[in-house]
Colleague: 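Below is the structure I would like to discuss, written out as structure tokens.
In listed order, ligands and their atoms are each counted from 1. The analysis underlying the following values was restricted to heavy atoms, covering all of them including side chains, and did not include hydrogens, waters or symmetry mates.
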Amino acid sequence: MSALHPDLKRVILSTEEIQTRVKEIARQIEHDYADAERVILIGILKGAFIFLADLSRELNIPHTVDFMSVSSYGDAAVSNGAVRLILDLRKPIKNEHVIIVEDIVDTGSTLQYLYNTLKLRKPASLRTCSLFQKKRESKDVPIDYKGFELPDVWVVGYGLDYADTHRTLPYVAELRAEVYE
Ligand code: PRP
């Protein structure tokens with residue numbers, strides 16, 4: 001691998017580790033939805049677009065993708081947990097099998113908001129999938145398909161960003177504290 005970008009302290013998850021786990025999650029979903037006519041994967045922009053692209057191409061069952069975008073109120077660092085909808089789905093999800101696909105669950109506010117919002121639309125089933133979860137206290141919202149737990153440091157890559165940078169790295173790395181302090 002070429003030298004790490006100077007903003008980065010260390011690689012936490014390699015490309016190979018991530019790709020292996022994405023395949024495992026796809027196999028789990030295929031198993032769980034073997035009898036479903038189709039599944040709708042809902043990617044949460046922006047962070048989930050890379051995971052969603054890899055997961056959906058790995059998935060050997062009928063499925064479609066759609067997207068939502070949400071934002072925390074105020075400065076993320078002092079967020080009170082309130083979330084607002086920026087971009088909604090193109091189509092209704094009533095009677096559909098739906099999986100919310102996130103890159104990361106941190107406080108859990110976003111996933112909780114999305115789960116509650118989509119549940120009201122009466123899907124046939126609603127599950128949650130997040131490739132990463134920060135190891136810290138988070139809201140009690142179940143993650144049905146979880147890839148990895150990450151330390152409570154600033155992580156970038158594979159969809160995760162720092163001020164929109166480093167998002168498209170194929171691995172996950174820890175950002176040096178000097179960069180954001
Ligand atoms: C990240 C991530 C989740 C959310 C999780 O999105 O993609 O949607 O934060 O945080 P929470 O569990 O504390 O609610 P972000 O707001 O950074 O937007 P982005 O995906 O567009 O970068």
Colleague: When you look at NZ of Lys134, are more than 12 heavy atoms from neighbouring residues, nucleotides or ligands closer to it than 6.0 Å?
Modeller: yes
Colleague: Do Ile42 and Phe67 share a hydrophobic cluster, counting only Ile, Leu, Val, Met, Phe, Trp and Tyr and linking them when any side-chain heavy atoms are less than 4.5 Å apart?
Modeller: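 Different hydrophobic clusters.
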Colleague: Which atoms of ligand 1 have any heavy atom of Arg167 under 4.0 Å away?
Modeller: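 Counting atoms of ligand 1 from 1, those under 4.0 Å from Arg167 are 19 (P), 20 (O), 21 (O), 22 (O).
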Colleague: Once you restrict to heavy atoms under 4.0 Å, what part of Asp161 touches ligand 1? Side chain, backbone, both or neither.
Modeller: side chain
Colleague: Starting from atom 19 (P) of ligand 1, what is the nearest protein heavy atom, named by residue and atom, and what distance separates them?
Modeller: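 Protein heavy atom with the smallest distance to atom 19 (P) of ligand 1: Lys46 N, 3.7 Å.
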Colleague: Between the side chains of Glu24 and Arg27, is the shortest nitrogen-to-carboxylate-oxygen separation below 4.0 Å, so that they form an ion pair?
Modeller: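 No, Arg27 and Glu24 are not salt-bridged.
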Colleague: Between Leu175 and Ile104, is there shared hydrophobic-cluster membership here, with clusters defined by ILVMFWY side-chain heavy atoms closer than 4.5 Å?
Modeller: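 No, Leu175 and Ile104 fall in different hydrophobic clusters.
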Colleague: For atom 21 (O) of ligand 1, is the nearest protein heavy atom under 4.0 Å away?
Modeller: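 Neighbour list for atom 21 (O) of ligand 1 includes protein heavy atoms (cut-off 4.0 Å).
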Colleague: Checking Asp144 side chain against Thr128 main chain: does a donor-acceptor pair fall under 3.5 Å?
Modeller: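 Such a contact is found between Asp144 side chain and Thr128 backbone.
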Colleague: Judged on heavy-atom distance to atom 13 (O) of ligand 1, which of Thr107, Asp103, Leu111 sits nearest?
Modeller: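 Closest candidate by heavy-atom distance is Thr107.
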Colleague: Answer yes when Arg121 and Asp88 have at least one side-chain N-carboxylate O distance shorter than 4.0 Å, and no when they do not.
Modeller: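 Salt bridge flag = yes for Asp88 with Arg121.
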Colleague: Please check if the number of heavy atoms outside Lys119 that lie under 6.0 Å from its NZ is greater than 12.
Modeller: yes
Colleague: Does the protein place a non-hydrogen atom closer than 4.0 angstrom to atom 16 (O) of ligand 1?
Modeller: no
Colleague: Is the closest protein non-hydrogen atom to atom 9 (O) of ligand 1 under 4.0 Å?
Modeller: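 No; the ligand atom in question lacks any protein heavy-atom contact below 4.0 Å.
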Colleague: Counting only heavy atoms not in Arg90 (residues, nucleotides, ligands), do more than 12 fall under 6.0 Å from its CZ?
Modeller: no
Colleague: Which atoms of ligand 1 are found less than 4.0 Å from any heavy atom of Glu102?
Modeller: 2 (C), 3 (C), 7 (O), 8 (O)
Colleague: Would Ile104 count as being in polar contact with ligand 1, using the rule that some N or O on each side must be under 3.5 angstrom apart?
Modeller: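 Looking only at distances, the answer is no, because the N/O contact criterion of under 3.5 Å is not met.
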Colleague: Just which atoms of ligand 1 are under 4.0 Å from any heavy atom in Gly47?
Modeller: 19 (P), 20 (O)
Colleague: Find all atoms of ligand 1 within a distance of less than 4.0 Å from any non-hydrogen atom belonging to Gly108, and give their numbers and elements.
Modeller: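 Reading through ligand 1 atom by atom, the close ones are 11 (P), 12 (O), 13 (O).
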Colleague: What protein heavy atom sits nearest atom 4 (C) of ligand 1, and how far off is it?
Modeller: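 Closest protein heavy atom to atom 4 (C) of ligand 1: Thr110 OG1, 3.6 Å.
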